[in-house]
Number of protein chains: 2
Amino acid sequence: MENPLQKRFAPAEIAEAEAFIDTNPEAPLDPRIERLVNDLIGRVADKWTLLVLELLEERGTLRFTRIAEQVEGISQKMLTQTLRQMERDGLVIRTVHPVVPPRVEYALTPLGNSLSAAFCGVWVWAERNLEAVEEARRRFDTRD
Amino acid sequence: MENPLQKRFAPAEIAEAEAFIDTNPEAPLDPRIERLVNDLIGRVADKWTLLVLELLEERGTLRFTRIAEQVEGISQKMLTQTLRQMERDGLVIRTVHPVVPPRVEYALTPLGNSLSAAFCGVWVWAERNLEAVEEARRRFDTRD
DNA sequence: TGCCATACGCACCAAGAGGTGAGAAATGGA
DNA sequence: TCCATTTCTCACCTCTTGGTGCGTATGGCA
(Lines give C-alpha, C1' and ligand atoms only; values in the text may rest on other atoms or scores of the structure.)
Protein backbone atom coordinates (compact mmCIF):
# COMPACT_ATOMS: atom_id res chain seq x y z
CA MET A 1 0.00 0.00 0.00
CA GLU A 2 2.70 2.38 -0.99
CA ASN A 3 0.12 4.25 -3.07
CA PRO A 4 -2.87 5.50 -1.11
CA LEU A 5 -5.05 4.87 -4.13
CA GLN A 6 -4.42 1.18 -3.72
CA LYS A 7 -6.47 1.31 -0.62
CA ARG A 8 -9.44 2.59 -2.57
CA PHE A 9 -9.15 1.31 -6.12
CA ALA A 10 -7.21 -1.26 -8.03
CA PRO A 11 -4.60 0.78 -9.94
CA ALA A 12 -4.58 -1.52 -12.91
CA GLU A 13 -8.28 -1.08 -13.34
CA ILE A 14 -8.05 2.66 -13.05
CA ALA A 15 -5.34 2.82 -15.64
CA GLU A 16 -7.23 0.56 -17.94
CA ALA A 17 -10.43 2.51 -17.65
CA GLU A 18 -8.76 5.86 -18.16
CA ALA A 19 -6.85 4.61 -21.14
CA PHE A 20 -10.10 3.49 -22.64
CA ILE A 21 -11.70 6.85 -22.04
CA ASP A 22 -8.70 8.58 -23.55
CA THR A 23 -8.99 6.59 -26.73
CA ASN A 24 -12.63 7.67 -27.05
CA PRO A 25 -12.57 11.42 -26.49
CA GLU A 26 -15.69 13.50 -26.51
CA ALA A 27 -17.26 13.65 -29.94
CA PRO A 28 -17.30 17.22 -31.28
CA LEU A 29 -21.06 17.19 -31.90
CA ASP A 30 -23.10 20.35 -31.88
CA PRO A 31 -25.12 19.91 -28.68
CA ARG A 32 -28.02 21.80 -30.22
CA ILE A 33 -28.25 19.31 -33.06
CA GLU A 34 -27.78 16.43 -30.68
CA ARG A 35 -30.61 17.62 -28.49
CA LEU A 36 -32.93 17.87 -31.47
CA VAL A 37 -31.97 14.44 -32.69
CA ASN A 38 -32.50 12.95 -29.26
CA ASP A 39 -35.86 14.62 -29.10
CA LEU A 40 -36.83 13.33 -32.50
CA ILE A 41 -35.72 9.83 -31.61
CA GLY A 42 -37.79 10.01 -28.46
CA ARG A 43 -40.88 10.87 -30.48
CA VAL A 44 -40.35 8.41 -33.24
CA ALA A 45 -39.22 5.50 -31.10
CA ASP A 46 -42.64 5.22 -29.56
CA LYS A 47 -44.10 1.73 -29.44
CA TRP A 48 -47.33 2.50 -31.26
CA THR A 49 -45.63 4.68 -33.84
CA LEU A 50 -43.28 1.85 -34.65
CA LEU A 51 -46.06 -0.67 -35.01
CA VAL A 52 -48.23 1.58 -37.17
CA LEU A 53 -45.23 2.47 -39.28
CA GLU A 54 -44.46 -1.16 -39.91
CA LEU A 55 -48.07 -2.01 -40.65
CA LEU A 56 -48.54 0.77 -43.19
CA GLU A 57 -45.24 -0.13 -44.75
CA GLU A 58 -46.25 -3.70 -45.44
CA ARG A 59 -49.91 -3.13 -46.25
CA GLY A 60 -49.89 0.22 -48.04
CA THR A 61 -52.98 2.40 -47.65
CA LEU A 62 -55.31 1.53 -44.80
CA ARG A 63 -58.32 3.12 -43.19
CA PHE A 64 -58.69 3.81 -39.52
CA THR A 65 -60.57 0.71 -38.39
CA ARG A 66 -58.33 -1.58 -40.39
CA ILE A 67 -55.31 -0.25 -38.58
CA ALA A 68 -57.09 -0.58 -35.26
CA GLU A 69 -57.83 -4.23 -36.03
CA GLN A 70 -54.29 -5.09 -37.00
CA VAL A 71 -52.34 -3.29 -34.32
CA GLU A 72 -53.23 -5.55 -31.48
CA GLY A 73 -53.96 -3.89 -28.19
CA ILE A 74 -54.09 -0.30 -29.33
CA SER A 75 -57.04 1.74 -28.14
CA GLN A 76 -58.96 4.06 -30.39
CA LYS A 77 -57.66 7.03 -28.50
CA MET A 78 -54.03 6.01 -28.84
CA LEU A 79 -54.43 5.25 -32.51
CA THR A 80 -55.92 8.66 -33.20
CA GLN A 81 -53.18 10.29 -31.19
CA THR A 82 -50.42 8.32 -32.86
CA LEU A 83 -51.73 8.98 -36.36
CA ARG A 84 -52.09 12.71 -35.67
CA GLN A 85 -48.54 12.86 -34.41
CA MET A 86 -47.25 10.96 -37.41
CA GLU A 87 -49.20 13.22 -39.72
CA ARG A 88 -47.77 16.28 -38.02
CA ASP A 89 -44.26 14.90 -38.37
CA GLY A 90 -44.84 14.31 -42.06
CA LEU A 91 -44.70 10.53 -41.82
CA VAL A 92 -48.23 9.75 -43.03
CA ILE A 93 -50.80 11.41 -45.25
CA ARG A 94 -54.38 11.43 -44.12
CA THR A 95 -57.05 11.45 -46.82
CA VAL A 96 -60.63 12.18 -45.86
CA HIS A 97 -63.34 11.10 -48.29
CA PRO A 98 -66.49 13.17 -47.71
CA VAL A 99 -68.85 10.24 -47.71
CA VAL A 100 -71.23 8.81 -45.19
CA PRO A 101 -70.19 7.09 -43.07
CA PRO A 102 -66.79 8.81 -43.04
CA ARG A 103 -63.91 7.16 -44.83
CA VAL A 104 -60.40 8.16 -43.84
CA GLU A 105 -57.32 6.59 -45.33
CA TYR A 106 -53.76 6.64 -44.13
CA ALA A 107 -50.60 5.99 -46.08
CA LEU A 108 -46.90 6.55 -45.55
CA THR A 109 -45.24 9.55 -47.13
CA PRO A 110 -41.78 9.15 -48.67
CA LEU A 111 -40.42 10.42 -45.37
CA GLY A 112 -42.35 7.73 -43.54
CA ASN A 113 -41.08 5.12 -45.92
CA SER A 114 -37.50 6.20 -45.35
CA LEU A 115 -37.97 6.01 -41.59
CA SER A 116 -39.43 2.57 -41.94
CA ALA A 117 -36.42 1.54 -43.97
CA ALA A 118 -34.14 2.96 -41.30
CA PHE A 119 -35.87 0.83 -38.71
CA CYS A 120 -35.54 -2.24 -40.82
CA GLY A 121 -32.20 -3.08 -39.26
CA VAL A 122 -33.74 -2.96 -35.83
CA TRP A 123 -36.53 -5.35 -36.75
CA VAL A 124 -34.03 -7.74 -38.22
CA TRP A 125 -31.94 -7.47 -35.09
CA ALA A 126 -34.96 -8.17 -32.91
CA GLU A 127 -35.92 -11.26 -34.88
CA ARG A 128 -32.39 -12.51 -34.98
CA ASN A 129 -31.53 -11.90 -31.34
CA LEU A 130 -34.79 -12.68 -29.68
CA GLU A 131 -33.50 -15.97 -28.45
CA ALA A 132 -30.30 -14.46 -27.11
CA VAL A 133 -32.20 -11.84 -25.15
CA GLU A 134 -34.54 -14.39 -23.65
CA GLU A 135 -31.65 -16.56 -22.62
CA ALA A 136 -29.87 -13.59 -21.07
CA ARG A 137 -33.01 -12.84 -19.08
CA ARG A 138 -33.30 -16.40 -17.87
CA ARG A 139 -29.70 -16.36 -16.78
CA PHE A 140 -30.12 -13.03 -15.02
CA ASP A 141 -33.31 -14.08 -13.26
CA THR A 142 -32.06 -17.42 -11.99
CA ARG A 143 -28.96 -16.14 -10.26
CA ASP A 144 -28.62 -14.62 -6.80
CA MET B 1 -76.63 -2.91 -56.90
CA GLU B 2 -74.75 -6.10 -57.32
CA ASN B 3 -72.61 -4.94 -54.41
CA PRO B 4 -74.41 -3.14 -51.57
CA LEU B 5 -71.21 -1.36 -50.65
CA GLN B 6 -71.51 0.75 -53.77
CA LYS B 7 -74.38 2.61 -52.25
CA ARG B 8 -72.32 3.88 -49.38
CA PHE B 9 -68.85 4.45 -50.72
CA ALA B 10 -67.38 5.66 -53.95
CA PRO B 11 -66.83 2.46 -55.93
CA ALA B 12 -63.66 3.64 -57.57
CA GLU B 13 -62.09 4.30 -54.19
CA ILE B 14 -63.13 0.93 -52.86
CA ALA B 15 -61.73 -0.86 -55.85
CA GLU B 16 -58.50 1.05 -55.59
CA ALA B 17 -58.12 0.37 -51.91
CA GLU B 18 -58.91 -3.30 -52.24
CA ALA B 19 -56.56 -3.70 -55.15
CA PHE B 20 -53.86 -2.18 -53.01
CA ILE B 21 -54.61 -4.48 -50.15
CA ASP B 22 -54.62 -7.45 -52.50
CA THR B 23 -51.16 -6.63 -53.72
CA ASN B 24 -49.98 -6.65 -50.14
CA PRO B 25 -51.49 -9.79 -48.65
CA GLU B 26 -51.05 -10.73 -45.06
CA ALA B 27 -47.51 -11.68 -44.32
CA PRO B 28 -47.28 -15.32 -43.20
CA LEU B 29 -45.59 -14.43 -39.92
CA ASP B 30 -45.94 -16.58 -36.87
CA PRO B 31 -48.03 -14.35 -34.59
CA ARG B 32 -46.23 -15.74 -31.57
CA ILE B 33 -42.89 -14.61 -32.93
CA GLU B 34 -44.33 -11.30 -33.96
CA ARG B 35 -45.69 -10.66 -30.52
CA LEU B 36 -42.32 -11.38 -28.98
CA VAL B 37 -40.57 -9.13 -31.44
CA ASN B 38 -43.02 -6.32 -30.80
CA ASP B 39 -42.50 -6.75 -27.12
CA LEU B 40 -38.76 -6.67 -27.48
CA ILE B 41 -38.95 -3.57 -29.64
CA GLY B 42 -41.11 -1.91 -27.02
CA ARG B 43 -38.49 -2.57 -24.38
CA VAL B 44 -35.50 -1.61 -26.38
CA ALA B 45 -36.96 1.45 -28.05
CA ASP B 46 -37.06 3.28 -24.77
CA LYS B 47 -35.64 6.78 -24.78
CA TRP B 48 -33.13 6.31 -21.98
CA THR B 49 -32.05 2.91 -23.23
CA LEU B 50 -31.30 4.38 -26.61
CA LEU B 51 -29.29 7.25 -25.18
CA VAL B 52 -27.29 5.04 -22.84
CA LEU B 53 -26.67 2.57 -25.64
CA GLU B 54 -25.33 5.28 -27.88
CA LEU B 55 -23.17 6.76 -25.14
CA LEU B 56 -21.57 3.46 -24.22
CA GLU B 57 -21.05 2.71 -27.85
CA GLU B 58 -19.05 5.84 -28.47
CA ARG B 59 -17.22 6.03 -25.16
CA GLY B 60 -16.60 2.41 -24.29
CA THR B 61 -16.50 1.53 -20.59
CA LEU B 62 -17.97 4.08 -18.20
CA ARG B 63 -18.83 4.15 -14.56
CA PHE B 64 -22.17 5.09 -13.13
CA THR B 65 -21.63 8.75 -12.39
CA ARG B 66 -19.98 9.36 -15.73
CA ILE B 67 -23.03 8.08 -17.53
CA ALA B 68 -25.29 10.17 -15.32
CA GLU B 69 -23.27 13.26 -16.23
CA GLN B 70 -23.40 12.66 -19.94
CA VAL B 71 -26.99 11.58 -20.39
CA GLU B 72 -28.57 14.93 -19.84
CA GLY B 73 -31.75 14.99 -17.82
CA ILE B 74 -31.70 11.42 -16.55
CA SER B 75 -32.36 10.91 -12.87
CA GLN B 76 -30.34 8.53 -10.75
CA LYS B 77 -33.35 6.31 -10.37
CA MET B 78 -34.00 6.07 -14.08
CA LEU B 79 -30.35 5.42 -14.82
CA THR B 80 -30.21 2.57 -12.32
CA GLN B 81 -33.41 1.15 -13.71
CA THR B 82 -32.31 1.46 -17.32
CA LEU B 83 -28.94 -0.13 -16.66
CA ARG B 84 -30.51 -3.02 -14.75
CA GLN B 85 -32.91 -3.64 -17.59
CA MET B 86 -30.12 -3.54 -20.14
CA GLU B 87 -28.05 -5.88 -18.03
CA ARG B 88 -30.95 -8.28 -17.75
CA ASP B 89 -31.44 -8.20 -21.51
CA GLY B 90 -27.77 -8.97 -22.01
CA LEU B 91 -26.93 -5.62 -23.56
CA VAL B 92 -24.42 -4.43 -20.97
CA ILE B 93 -22.03 -6.03 -18.52
CA ARG B 94 -21.84 -4.61 -15.04
CA THR B 95 -18.52 -4.94 -13.26
CA VAL B 96 -18.36 -4.24 -9.55
CA HIS B 97 -14.96 -3.54 -8.05
CA PRO B 98 -15.05 -4.33 -4.33
CA VAL B 99 -13.38 -1.13 -3.24
CA VAL B 100 -14.40 1.85 -1.17
CA PRO B 101 -16.07 3.95 -2.34
CA PRO B 102 -17.75 1.54 -4.75
CA ARG B 103 -16.66 1.50 -8.34
CA VAL B 104 -19.03 0.05 -10.88
CA GLU B 105 -18.31 -0.01 -14.56
CA TYR B 106 -20.63 -0.57 -17.47
CA ALA B 107 -19.79 -1.65 -20.99
CA LEU B 108 -21.69 -2.98 -23.95
CA THR B 109 -21.73 -6.69 -24.62
CA PRO B 110 -21.42 -7.93 -28.20
CA LEU B 111 -25.20 -8.13 -28.21
CA GLY B 112 -25.39 -4.50 -27.12
CA ASN B 113 -22.96 -3.52 -29.80
CA SER B 114 -25.00 -5.26 -32.44
CA LEU B 115 -28.14 -3.49 -31.30
CA SER B 116 -26.35 -0.20 -31.40
CA ALA B 117 -25.26 -0.95 -34.93
CA ALA B 118 -28.84 -1.81 -35.86
CA PHE B 119 -29.95 1.56 -34.57
CA CYS B 120 -27.28 3.32 -36.54
CA GLY B 121 -29.57 3.72 -39.51
CA VAL B 122 -32.15 5.39 -37.34
CA TRP B 123 -29.68 7.92 -35.98
CA VAL B 124 -28.54 8.73 -39.46
CA TRP B 125 -32.13 9.11 -40.57
CA ALA B 126 -32.85 11.46 -37.67
CA GLU B 127 -29.87 13.65 -38.45
CA ARG B 128 -30.62 13.70 -42.12
CA ASN B 129 -34.37 14.33 -41.87
CA LEU B 130 -34.51 16.60 -38.88
CA GLU B 131 -35.12 19.59 -41.07
CA ALA B 132 -37.85 17.86 -43.06
CA VAL B 133 -39.70 16.88 -39.90
CA GLU B 134 -39.51 20.37 -38.50
CA GLU B 135 -40.81 21.83 -41.70
CA ALA B 136 -43.66 19.31 -41.79
CA ARG B 137 -44.57 20.33 -38.27
CA ARG B 138 -44.54 24.01 -39.13
CA ARG B 139 -46.78 23.35 -42.11
CA PHE B 140 -49.14 21.24 -40.03
CA ASP B 141 -49.34 23.76 -37.21
CA THR B 142 -49.97 26.80 -39.37
CA ARG B 143 -52.91 25.44 -41.31
CA ASP B 144 -56.65 25.36 -40.57
C1' DT C 1 -89.30 5.64 -37.12
C1' DG C 2 -85.33 4.24 -35.52
C1' DC C 3 -80.93 1.94 -36.07
C1' DC C 4 -76.43 1.25 -38.11
C1' DA C 5 -71.83 2.38 -39.65
C1' DT C 6 -67.23 5.40 -39.23
C1' DA C 7 -63.90 8.28 -37.31
C1' DC C 8 -63.32 10.74 -34.27
C1' DG C 9 -63.44 14.61 -29.68
C1' DC C 10 -64.13 14.99 -24.82
C1' DA C 11 -64.34 14.05 -19.95
C1' DC C 12 -63.37 11.20 -16.27
C1' DC C 13 -60.59 7.94 -13.82
C1' DA C 14 -57.00 4.31 -12.68
C1' DA C 15 -52.34 2.85 -13.13
C1' DG C 16 -47.83 3.56 -13.72
C1' DA C 17 -43.77 6.43 -14.79
C1' DG C 18 -40.66 9.15 -12.80
C1' DG C 19 -38.74 12.91 -9.39
C1' DT C 20 -36.90 13.87 -4.72
C1' DG C 21 -34.76 13.15 -0.61
C1' DA C 22 -33.16 10.07 2.86
C1' DG C 23 -30.05 6.45 4.22
C1' DA C 24 -26.46 2.66 4.02
C1' DA C 25 -21.75 0.92 3.96
C1' DA C 26 -16.53 1.25 4.28
C1' DT C 27 -12.46 3.86 4.76
C1' DG C 28 -8.85 7.48 4.02
C1' DG C 29 -8.08 12.18 5.26
C1' DA C 30 -8.62 16.69 8.03
C1' DT D 1 -14.10 12.30 15.45
C1' DC D 2 -16.43 13.38 11.56
C1' DC D 3 -16.75 14.06 6.72
C1' DA D 4 -16.53 12.94 1.83
C1' DT D 5 -17.01 9.56 -1.65
C1' DT D 6 -19.92 6.23 -4.74
C1' DT D 7 -23.58 3.38 -6.04
C1' DC D 8 -27.21 2.25 -5.09
C1' DT D 9 -32.33 1.08 -2.42
C1' DC D 10 -36.55 2.65 -0.40
C1' DA D 11 -40.50 5.48 0.60
C1' DC D 12 -43.35 9.11 -0.73
C1' DC D 13 -45.55 12.07 -3.85
C1' DT D 14 -46.77 14.11 -8.39
C1' DC D 15 -47.83 14.12 -13.10
C1' DT D 16 -48.36 11.91 -17.29
C1' DT D 17 -50.14 8.09 -19.93
C1' DG D 18 -53.65 5.62 -21.42
C1' DG D 19 -58.31 3.17 -20.96
C1' DT D 20 -63.44 3.59 -21.10
C1' DG D 21 -67.64 5.30 -22.24
C1' DC D 22 -70.47 8.85 -24.20
C1' DG D 23 -71.66 12.05 -27.83
C1' DT D 24 -71.91 13.50 -32.95
C1' DA D 25 -72.85 13.99 -37.97
C1' DT D 26 -75.42 11.82 -41.98
C1' DG D 27 -77.83 9.12 -45.11
C1' DG D 28 -79.30 4.38 -46.40
C1' DC D 29 -82.22 0.70 -44.89
C1' DA D 30 -85.68 -2.49 -42.41
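Letters A, B, ... are given to chains in the order of the sequence lines, protein chains preceding strands, and every chain is numbered from 1.
- Rounding to the nearest 0.5 Å places CD of A/E54 at 13.0 Å from OG1 of A/T49.
- D/dT6 atom P lies 15 Å from atom OH of B/Y106, rounded to whole Å.
- For A/L50 against A/W123, the heavy-atom pair with the smallest separation is O-CZ2, 4.0 Å.
- Taking the screw axis at each terminus of the helix from C/dT1-D/dA30 to C/dA30-D/dT1 from five consecutive base pairs, the angle between the two is 40° to within rounding of 10 degrees.
- When the side-chain hydrogen bond (donor to acceptor under 3.5 Å, both in side chains) test is applied to A/R139, the partners found at least two apart in sequence or on another chain are A/E135.
- If you measure from atom NZ of B/K47 to atom C1' of D/dT16, you get 13 Å, rounded to the nearest angstrom.
- Residue A/L83 contributes atom CG, which lies 15 Å from atom C1' of C/dG9 at whole-angstrom precision.
- The phosphate of D/dC8 (OP1 or OP2) has a side-chain N or O of B/R84 nearer than 4.0 angstrom.
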Original post:
How would nucleotides 18-24 of chain C be written as a contact map, 5' to 3', with B for base contact, S for sugar-phosphate-only contact and - for no contact, using protein heavy atoms under 4.0 Å?
Top reply: BBB----

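- With sequence neighbours excluded, no residue satisfies salt bridge (charged side-chain N to carboxylate O under 4.0 Å, His left out) with A/E69.
- Residue B/R63 places at least one side-chain N or O closer than 4.0 Å to OP1 or OP2 of D/dT7.
- Of the residues in residues 87-94 of chain A, none has a non-hydrogen atom less than 4.0 angstrom from any atom of DNA chain D.
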Extract all donor-acceptor atom pairs below 3.5 Å that involve side chains of residues 107-119 of chain A and protein atoms in other chains or at least two apart in sequence.
residue : atom : partner : partner atom : Å
A/T109  : OG1  : A/G90   : O            : 2.6
A/T109  : OG1  : A/L91   : O            : 3.1
A/T109  : OG1  : A/L111  : N            : 3.3
A/T109  : OG1  : A/G112  : N            : 3.0
A/N113  : ND2  : A/T109  : O            : 3.4
A/S114  : OG   : A/L111  : O            : 2.7
A/S114  : OG   : B/W125  : NE1          : 2.7

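- B/L79 has its CG atom 16 Å from the C1' atom of C/dA17, to the nearest Å.
- Within the model, atoms CG of B/L83 and CG of B/L79 stand 4.5 Å from one another, a figure rounded to the nearest 0.5 Å.
- Going from atom CG of B/L62 over to atom P of D/dT7 covers 11 Å, rounded to whole Å.
- Not counting sequence neighbours, B/E72 has no partner by the salt bridge (charged side-chain N to carboxylate O under 4.0 Å, His left out) test.
- Atom OG1 in B/T61 sits 13.0 Å away from atom CZ in B/R59 (nearest 0.5 Å).
- For B/R128, the salt bridge (charged side-chain N to carboxylate O under 4.0 Å, His left out) criterion is met by no residue, not counting sequence neighbours.
- Screening residues 79-94 of chain B for side-chain hydrogen bond (donor to acceptor under 3.5 Å, both in side chains), with sequence neighbours left out, gives A/R137-B/D89, A/D141-B/R88, B/R94-B/Y106.
- Rounded to an integer number of Å, the gap from NE2 of B/H97 to P of D/dC8 is 12 Å.
- The side chain of B/P101 approaches D/dT6 more closely than any other nucleotide in the set D/dT6, C/dC8, D/dT7.
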